[in-house]
Amino acid sequence: MKRISLLAALALLGAQGAALAADPNLARNLAATCANCHGTNGNAVKGAGIDALAGVPKDKTLQKLADFKSGDKPASIMHQIAKGYTDEQLDLIAGYFAAQK
Amino acid sequence: MMLMKRRDFLKVGAAAGTMASLYGCAGGGKASGHVVVVGGGYGGATAAKYIRMWSEGGVQVTLIERNPTFISCPISNLVIGGSKTMEDITVSYEGLKNKWGVRVVQDEVVAVDAAKRTISLAKGGSMSYDRLVLSPGIDFMFGEIPALDNADAQAKILHAWKAGPQTVALRKQLEEMKDGGVYALSIPKAPYRCPPGPYERACLVADYFKKNKPKSKVVILDANEDVMSKKGLFTKAWSDLYKGILEYRPNSEVKDVDVANTTAILEFDKFKADVLNVIPPHRAGNIAAKSGLKLINNRWVDVDWLSMEVVGTPGVHVLGDAIFPAPTMPKSGHMANQHAKLASAAILNMLSGEAPSPTPVVMNTCYSYVDTKQAIHVTSVHQYDTATKTMQPVKGAGGVSAARNEMEGKIAMGWAKNIWADMLA
């Protein structure tokens, strides 16, 4: 699990990439900021009406987040929240949830 | 005490075995030691769970909480309005004990010796820690409203700003109030716990009056010069839904009360109500000052934002409403949960001899009901800024609802169910 997030971070080596990749827990920590609503490790409470993110393919989550960020996808709050994270952070978050069961 | 501890470590050791099977995919965490968490609310309960989960059972966690169950402040205004019950906002600590191997002790911490890294308990005995997490919430500065500074007065003029017996008692006062009566709600100067909470409460009491006691009135006595949160959305709800029922009075700080006459005493004026609900100014939970922690304005704990560790008191981390907030950061349960995750990650790094992450992020989402079905939200994201050494709100991110709506009323309950599970299940 940790190895996967480290690889995801390494794959991103951009301006901030080196700093991000240095911390193997960064993806985990960032994804935890979503857990209040989307459940611990993305396992949302069933029937509570909020999307589970665990096991969702990374590309799918990233596309949704990009659409929220650009305003292409209407939302109640995610269009406002997605703008608070960098693209690199969203990439780590989507990768982390994809690896969860 | 030693005996109890040894037995406890054995018990926790057994739970750690369960943990390994729950998180079999993860590699072994390096962190070990004993973390004591004081306060099982939104901050403390989250920290207890996340330290156990992220250390894969490697770190022992003791949670000390004076109440037998968790009772949520968010959603409690619906109990006051009559559409939810106490049962709906009460969650057990069994999940923390049984699933996560947290040792839950029902007691109260009376002293912290940060130099010796020990705490003392009200029921006697002491406990040592490697890292201490204090999530004490708030305590009221009753001295600011002199006539309220005794137990008899506090039983009559309620705050109901900590969910529990006062929530039930305020509901009872509203039920017993005659139709044609006046409910007055006093809001202290910011910062206070849950910025939109008082305005939500006013809406839900007005909704109850509208449906059940239509001749009654709600008056908000706000010490602040204006509505502190979601202003446009609240004022629109007041004029659309509660015209003639709800009145808002800014710059109306309650300086004292006349308990016998349920009258609020303002600087130049008095206001008599049938039900008087005074939220006094508050500060970090009393244990913070008693422990000698550095307070800003003698009220809020000064923390290092990379770890939530108290400035000047190594080994003690403070979460939630008790801290001096970063710019625009609200005192909310959601934010306390985020503080807890930041602190948990930092504590595990520190117990492993590593520095905390240099790039923490926290975010807030807060729903308020304007009637029993429709809600509005405010949200924000805060990233650590190395120049100012604090969390700064991300410009262009966050915001409020376009308009009140029933969908957000449903999502707000979904939020509650998910955050309670994120803390306690």
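The sequence lines fix the lettering, A, B, ..., with proteins before strands; numbering per chain opens at 1. Just so it is clear, the structure is predicted and the values come from calculations on it, not from any experiment. Just so it is clear, the values below take in all heavy atoms, side chains as well, and ignore hydrogens, waters and symmetry mates.
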Trainee: Val400(B) versus chain A, heavy atoms under 4.5 Å apart: side chain, backbone, both or neither?
Mentor: backbone
Trainee: Do you know which of Gly414(B), Gly398(B), Ser401(B) has the most heavy-atom pairs with chain A at a distance under 4.5 angstrom?
Mentor: Gly398(B)
Trainee: Name the region of Lys395(B), side chain, backbone, both or neither, that has any atom closer than 4.5 Å to a heavy atom of chain A.
Mentor: neither
Trainee: Could you check whether His339(B) and Trp305(B) have their ring centres less than 6.0 Å apart?
Mentor: yes
Trainee: Does any heavy atom of chain A fall under 4.5 Å from the side chain of Met407(B), the backbone, both, or neither of them?
Mentor: side chain
Trainee: List in chain and number order the residues that pass side-chain hydrogen bond (donor to acceptor under 3.5 Å, both in side chains) with Ser135(B), two or more places apart in sequence or in another chain; answer none if no residue qualifies.
Mentor: none
Trainee: Could you verify whether a donor N or O on one side chain and an acceptor N or O on the other, from Asp321(B) and Tyr42(B), lie under 3.5 Å apart?
Mentor: no
Trainee: Contact part of Thr365(B) toward chain A, heavy-atom cut-off under 4.5 Å: side chain, backbone, both or neither?
Mentor: side chain
Trainee: Indicate whether the side chain of Lys373(B) and that of Ser83(B) have a donor and an acceptor atom separated by less than 3.5 Å.
Mentor: no
Trainee: Distance only, no hydrogens: is a donor on one side chain within 3.5 Å (strictly under) of an acceptor on the other, for Thr388(B) and Asp385(B)?
Mentor: yes
Trainee: Please rank Met363(B), His377(B), Lys417(B) by heavy-atom pairs under 4.5 Å with chain A and give me the top one.
Mentor: His377(B)
Trainee: Do you see a donor-acceptor pair shorter than 3.5 Å between the side chains of Gln63(A) and Asp59(A)?
Mentor: no
Trainee: Given a strict heavy-atom distance threshold of 4.5 Å, which part of Asn364(B) is in contact with chain A: side chain, backbone, both, or neither?
Mentor: neither
Trainee: Out of Glu408(B), His334(B), Lys410(B), which one racks up the most heavy-atom pairs below 4.5 Å with chain A?
Mentor: His334(B)
